[in-house]
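The structure appears right after this line, and notes come after that.
All heavy atoms count here, side chains included; hydrogens, waters and symmetry mates do not. Everything numeric in this text was worked out from a predicted model, so none of it was measured. Letters A, B, ... are given to chains in the order of the sequence lines, protein chains preceding strands, and every chain is numbered from 1.
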Number of protein chains: 2
Amino acid sequence: MDEGQALASFGALSQETRLQIVRMLVVAGPDGMAAGAIAEKLEVSPSNVSFHLKELDRAGLIGQQRESRSIVYTANYDVLGGLVRFLMEDCCAGHPEVCAPAAQVAACCVPAARNVP
Amino acid sequence: MDEGQALASFGALSQETRLQIVRMLVVAGPDGMAAGAIAEKLEVSPSNVSFHLKELDRAGLIGQQRESRSIVYTANYDVLGGLVRFLMEDCCAGHPEVCAPAAQVAACCVPAARNVP
DNA sequence: TCCATATTTCAATAATCCTTGAAATGTTGA
DNA sequence: TCAACATTTCAAGGATTATTGAAATATGGA
């Protein structure tokens, strides 16, 4: 991920409804959620949720696929992971010791990373 | 870090000049950089850099301290680490397997986390 | 084909954010 | 104290972004 893409990602995530959408889709997993279901759960109008979904799609944070009458959206884990990497690599570029605490987060995903010093 | 703080952080990082400032300060380390030095390096007017520094400060991403005539800014590594954690915990909340790749980033900071599966 | 469903698009308005340059604040050394 | 330096504050304007509701598009079933 380059700086331009990170900028777009941060911009996309800097709006409450969009951040909530991404969090919902991350939890929803590969099955994703239909636009209507997202709108209903967040109590936002269909046209408004559509606007924000388009923004998230432009930033590459989500993907979409038509499924019968619905359009199902899914989180793009690669891009989200790339954003994490971008933040941490920047950190390491200068002073590795100060960003070590952030590395502990890895413990929640990868058992081998547990109990880092 | 709660959702509100993450939202503020994303907003602060979603502007090119501000993202560049944060990256510079992260690399600069605990010594930080004076406002003037930042402005000069990024070729931005003093008043404009001051505007963005204030935004970053409001979001908690940087700190400041007067040093003689200059005001020296430093990155807030805790908050940046908290942002990484926020992104990854969200990820883990649903489907740990999809965010494992992001955990590999930890290898750049903590030797113990190297070679994760 | 026709209707209901699901979603997007569009135009208009409102709200927020960024930039600019001039003036104000605080600091140091002569 | 005064002048030069470093930075911030302020107001105005321009630019971008968000919200709304109505109309358009696409799909599936009677």
task = Please evaluate the base of C:dG21 for a donor-acceptor partner in the side chain of B:Ser47 within a cut-off of under 3.5 Å?
result = yes
Euclidean distance, atom CD of residue A:Glu55 to atom C1' of D:dT19 [Å, nearest integer] = 13 Å
inquiry  = Tell me the interatomic distance from A:Leu19, atom CG, to D:dT17, atom C1', rounded to whole angstroms.
reply    = 17 Å
request  = Grab the CD1-P distance between B:Ile71 and C:dT27 for me, whole Å please.
outcome  = 9 Å
query = Can you check whether A:Tyr73 has a side-chain N or O nearer than 4.0 Å to OP1 or OP2 of C:dT8?
reply = yes
query = Is there side-chain contact between A:Leu53 and A:Asp57, with heavy atoms separated by less than 4.5 Å?
reply = no
ask   = Considering only C:dT7, D:dT20, C:dT19, which nucleotide approaches the side chain of B:Asn48 most closely?
value = C:dT19
task = Please check the phosphate of D:dT17 (OP1 and OP2 only) for any side-chain N or O of A:His52 closer than 4.0 Å.
result = no
task = Identify which nucleotide among D:dG28, D:dT8, C:dT7 has an atom closest to any side-chain atom of B:Pro46, counting heavy atoms from C-beta outward.
result = D:dT8
task = Measure the distance from CG on A:Asp57 to P on C:dT8 and round it to the nearest whole Å.
result = 10 Å
request  = Go through the steps to decide whether A:Arg23 and B:Glu3 satisfy the test side-chain contact (heavy atoms from CB on, under 4.5 Å), and finish with yes or no.
outcome  = CA-CA 10 Å; A:Arg23 298 185 81 183; B:Glu3 188 169 300; 2.4 Å; yes
Beyond-backbone contact of A:Met33 with A:Val72, side-chain heavy atoms, under 4.5 angstrom = no
message = In whole Å, I'd like the distance from the CD1 atom of A:Ile38 to the P atom of C:dT8.
response = 9 Å
message = Measuring to OP1 and OP2 of D:dA26, would you say a side-chain N or O of A:Arg69 lies under 4.0 angstrom away?
response = no
task = Answer yes or no: does a side-chain N or O of B:Gln15 lie under 4.0 Å from OP1 or OP2 of C:dT19?
result = yes
query = So what does A:Ser50 hit on the nucleic acid, given a heavy-atom distance under 4.0 Å: a base, only sugar-phosphate, or nothing?
reply = base
inquiry  = Once you apply a heavy-atom cut-off of 4.0 Å, does A:Ala39 come out as touching a base, just sugar-phosphate, or nothing?
reply    = nothing
key: For atom CG of B:Leu7 and atom P of D:dT17, their distance in whole Å   = 16 Å
ask   = Side-chain N or O of B:Arg66 less than 4.0 angstrom from OP1 or OP2 on D:dA6?
value = no
task = Determine whether B:Thr74 and B:Pro30 make a side-chain contact, defined as any pair of heavy atoms from C-beta on separated by less than 4.5 Å.
result = no
query = Do any side-chain nitrogens or oxygens of A:Ser45 fall under 4.0 Å of OP1 or OP2 in D:dT19?
reply = no
query = With side chains defined as the heavy atoms from C-beta onward, is the minimum distance between B:Leu13 and B:Arg18 less than 4.5 Å?
reply = no
